[in-house]
Protein chains: 2
Amino acid sequence: MCRDSITSNISERDTYGVAMSRIETSSDIGKLVHSKRKELGLTYKEAAGLCGVGVRFWSELERGKSSLHLGKVLFVLMRLGLDLQVEGRV
Amino acid sequence: MCRDSITSNISERDTYGVAMSRIETSSDIGKLVHSKRKELGLTYKEAAGLCGVGVRFWSELERGKSSLHLGKVLFVLMRLGLDLQVEGRV
DNA sequence: GTTCCTTAATCCCGTACGGGAAAAATCATA
DNA sequence: TATGATTTTTCCCGTACGGGATTAAGGAAC
């Protein structure tokens, strides 16, 4: 289910087993985080602990809550090895 | 100043005048938003209006405040034509 | 220096984030 | 179905987001 969502978002820049997924909403981020956590075989508690956040936050993050604090989310992404890139005209 | 920061973050994927900038912190996002706003020749008030947020939020966004609400920030990025991508191993 | 424009800080106030624990709900498996 | 594990919800509470207005500060131009 979550893995299928990732697949559908893979861009043409797909190289060497690296995928680029488009992010527009907090829900997109939630799906990615969910997928990554599953991939790492972690429970909420373990993942949250790894990233220094609470289980409650993690639960809301994966369910795509939009009012989460930006910095916490970015930190989690970084800890999970999910590299954020912004593409825009120079 | 801000434009220089963008330049230093340009990745090898730079093609057809499109730049990819790495995002790790809310400060990175602030710099990007600032740069884009300048590029568009907008004041805080105008830019905020375009994105349906208040001036106060905009000011905090550009100054890299980490506790801003994720969804609002993502919406602004989208409105500014800044495409977010996540890169991670499939 | 003065003036004007822009950005940053402050204020009021209602709403709400998030830690951590506990309870409830859901899921997976035997 | 029962059981155990996991996820979701709820609770308490201190802190704080963000709209919009106002004030303060900063910068550019003359």
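Sequence lines set the chain letters: A, B, ... in the order given, protein chains first and strands last, and positions in each chain run from 1.
- At dC17(D), one or more side-chain N or O atoms of Lys65(B) fall inside 4.0 Å of OP1 or OP2 (strictly under the cut-off).
- Salt-bridge formation is detected for the pair Arg22(B)/Asp83(A): a Lys NZ or Arg NE/NH1/NH2 atom is positioned less than 4.0 Å from an Asp or Glu carboxylate oxygen.
- At whole-Å resolution of the value, CG in Leu70(A) and C1' in dG18(C) are 16 Å apart.
- Which of dC11(C), dG18(C), dA9(C) sits closest to the side chain of Arg56(B) comes down to dC11(C).
- Regarding His34(A), its NE2 atom lies at a distance of 11 Å from the C1' atom of dT7(D), rounded to whole Å.
- Taking a cutoff of 4.0 Å between a charged side-chain nitrogen and a carboxylate oxygen, Arg37(B) and Glu39(B) do not qualify as a salt bridge.
- Atom CZ of Phe75(B) and atom C1' of dG18(D) are 16 Å apart (whole Å).
- Within the nucleic acid shown, Lys45(B) has no heavy atom closer than 4.0 Å to any nucleic acid atom.
- Within the structure, a side-chain polar atom (N or O) of Arg37(A) is placed less than 4.0 Å from OP1 or OP2 of dT7(D).
- Distance His69(A) NE2 to dA16(D) C1': 7 Å, rounded to the nearest Å.
- Closest to the side chain of Thr43(A), out of dG18(C), dT6(D), dC12(C), is dT6(D).
- Leu61(A) places its CG atom 10 Å from the P atom of dG18(C), with the value rounded to the nearest Å.
- Nearest-nucleotide positions on DNA chain C for Ser59(B) and Phe57(A) put Ser59(B) closer to the 5' end.
- As rounded to whole Å, 15 Å separates atom P of dT6(D) from atom CH2 of Trp58(A).
- You'll find that the side chain of Lys38(B) is closest to dT7(C), out of dC17(D), dT7(C), dT7(D).
- Met20(A) is listed as a side-chain neighbour of Gln85(A), based on a closest heavy-atom distance under 4.5 Å.
- One interatomic measurement links the two molecules: CZ of Arg63(A) to C1' of dT7(D), which rounds to 8 Å at whole-angstrom precision.
- Side-chain proximity of Lys72(A) to dT7(D), dA16(D), dG18(C): nearest is dG18(C).
- Within 4.0 Å (heavy atoms only), Val55(B) reaches no atom of the nucleic acid at all.
- Using a 4.5 Å heavy-atom cutoff, the side chains of Val76(A) and Leu80(A) are in contact.
- Looking at Lys72(A) and His69(A), their side chains come closer than 4.5 Å, going by heavy atoms from C-beta outward.
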